[in-house]
**Q** 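The structure under discussion is supplied below as structure tokens; questions concerning it will follow.
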Amino acid sequence: MLNNIEELLKKLRHRQLENRLKLGDKWKEDNLKNMILTYEDGGAFWDTGIRVDMKKIVNAIRKEGTEFDPVTPHTLRHTFATRGLEQGIPLKVMQVILGHSSLAMTADLYSHVLPDIKAEEMKKIENIL
């Protein structure tokens, strides 16, 4: 886990514990104890709620007059993988992080990133020739 993510999770946990004390018996746990990523009242994030929240954010952006494509939790996963590959994370490492069953699957899904990476890698060879 990255250090900055660990620190963020610790801060969220601290804020959550404060909320838990403030809310007392109004605190919700949804039968899932010790979760850090919850709503302010302790309720768990569920896929449907996250999608609704993301849609509200996109609609607010559009209301300001900016064109904005729909965003889903999977969009964030795809963006993470794309940016990771662009930053030089090896395809095999990304396959493991994403939990894909094969390297081919990862390569097929992110092939749009690979030409740019290939061009950058070829520039490295150019410098030594």
Side-chain angles (χ1 to χ4, degrees):
M1 180 183 304
L2 300 173
N3 290 338
N4 59 341
I5 300 300
E6 182 181 2
E7 289 305 312
L8 175 64
L9 290 173
K10 285 178 180 178
K11 287 177 185 177
L12 288 171
R13 181 63 167 169
H14 181 75
R15 185 179 331 150
Q16 182 189 58
L17 293 173
E18 288 175 345
N19 286 342
R20 187 178 199 160
L21 287 173
K22 286 179 193 174
L23 291 174
D25 46 340
K26 292 181 182 174
W27 178 260
K28 299 177 185 175
E29 280 190 326
D30 294 335
N31 297 321
L32 301 168
K33 296 187 183 295
N34 297 320
M35 289 189 64
I36 295 173
L37 299 175
T38 64
Y39 287 103
E40 295 293 317
D41 65 357
F45 287 144
W46 295 102
D47 183 76
T48 305
I50 292 170
R51 288 177 184 277
V52 167
D53 290 345
M54 292 177 97
K55 190 171 185 174
K56 286 178 186 175
I57 293 167
V58 169
N59 288 338
I61 292 168
R62 289 177 178 163
K63 190 174 181 178
E64 297 286 324
T66 303
E67 288 187 36
F68 207 86
D69 290 336
V71 178
T72 67
H74 191 78
T75 305
L76 301 178
R77 174 183 165 89
H78 186 73
T79 301
F80 166 79
T82 300
R83 298 300 170 257
L85 291 168
E86 288 173 348
Q87 292 302 309
I89 294 177
L91 195 59
K92 179 64 181 172
V93 173
M94 191 56 68
Q95 175 214 342
V96 172
I97 291 170
L98 296 173
H100 291 159
S101 58
S102 70
L103 187 60
M105 178 182 187
T106 307
D108 288 346
L109 288 170
Y110 297 99
S111 60
H112 65 283
V113 180
L114 301 178
D116 293 336
I117 293 171
K118 183 175 69 175
E120 289 300 315
E121 295 303 313
M122 291 302 290
K123 286 180 186 176
K124 291 178 186 176
I125 294 172
E126 179 181 62
N127 292 333
I128 60 170
L129 294 178

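These numbers were taken from a predicted model, which means no experiment stands behind them.
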**Q** Using 0.5 Å steps for rounding, measure from the CG atom of Leu109 to the NE2 atom of His78.
**A** 8.0 Å
**Q** Surrounding CD of Gln87 (heavy atoms of other residues, nucleotides or ligands, distance under 6.0 Å), is the total greater than 12?
**A** no
**Q** CG of Asp69 to OG1 of Thr75: how many Å apart, nearest 0.5 Å?
**A** 9.0 Å
**Q** Please list all pairs passing the salt bridge (charged side-chain N to carboxylate O under 4.0 Å, His left out) test where one or both residues lie in residues 90-102, with sequence neighbours left out.
**A** none
**Q** Side chains of Asn59 and Lys55, heavy atoms from C-beta outward: is any pair under 4.5 Å?
**A** yes
**Q** Give the C-alpha distance, both sets of side-chain angles, the deciding distance and a yes or no for salt bridge (charged side-chain N to carboxylate O under 4.0 Å, His left out) between Glu6 and Lys10.
**A** CA-CA 6 Å; Glu6 182 181 2; Lys10 285 178 180 178; 3.4 Å; yes
**Q** Could you walk me through whether Leu98 and Met105 pass the side chain to side chain contact (heavy atoms under 4.5 Å, CB included) check?
**A** CA-CA 11 Å; Leu98 296 173; Met105 178 182 187; over 6 Å; no
**Q** Return the CZ to CZ distance between Arg13 and Arg20, rounded to the nearest 0.5 Å.
**A** 7.0 Å
**Q** How many angstroms lie between atom CG of Asn4 and atom CD of Glu7, to the nearest 0.5 angstrom?
**A** 9.0 Å
**Q** Walk me through it: do Thr72 and Arg77 pass the test side chain to side chain contact (heavy atoms under 4.5 Å, CB included)?
**A** CA-CA 9 Å; Thr72 67; Arg77 174 183 165 89; over 6 Å; no
**Q** Which label fits Tyr39 and Phe45: parallel for a plane angle under 30°, tilted from 30 to 60°, or perpendicular past 60°?
**A** perpendicular
**Q** In this structure, would Phe80 and Leu91 fall into the same cluster of hydrophobic residues linked by side-chain contacts under 4.5 Å?
**A** yes
**Q** Flag yes if more than 12 heavy atoms outside Asn3 fall under 6.0 Å of its CG atom; otherwise flag no.
**A** no
**Q** Are Leu23 and Met35 linked, directly or through other ILVMFWY residues, by side chains that come within less than 4.5 angstrom of each other?
**A** no
**Q** Is it true that Leu2 and Leu9 fall in one hydrophobic cluster, defined by side-chain heavy atoms closer than 4.5 Å?
**A** yes
**Q** Below 30° counts as parallel, above 60° as perpendicular, anything between as tilted: where do the rings of His112 and Tyr110 land?
**A** tilted
**Q** Within this structure, what is the CG-CH2 distance for the pair Leu21 and Trp27, rounded to the nearest 0.5 Å?
**A** 9.5 Å
**Q** Should the heavy atoms of other residues, nucleotides or ligands under 6.0 Å from CZ of Arg15 be counted, would the total exceed 12?
**A** no
**Q** Between Thr79 and Thr82, does a side chain to side chain donor-acceptor pair (under 3.5 Å) hold up when you go through it step by step?
**A** CA-CA 5 Å; Thr79 301; Thr82 300; over 6 Å; no
**Q** I need the Met94 CE to Ile97 CD1 distance, nearest 0.5 Å.
**A** 5.0 Å
**Q** Testing the basics here: between Asp108 and Ser111, what is the closest heavy-atom pair and its distance to 0.1 Å?
**A** O-OG, 3.4 Å
**Q** Any link between Val58 and Val52 through a network of hydrophobic side chains (Ile, Leu, Val, Met, Phe, Trp, Tyr) touching at under 4.5 Å?
**A** no
**Q** Are Leu85 and Val93 connected in a single hydrophobic cluster, I mean Ile/Leu/Val/Met/Phe/Trp/Tyr linked by side-chain heavy atoms less than 4.5 Å apart?
**A** yes
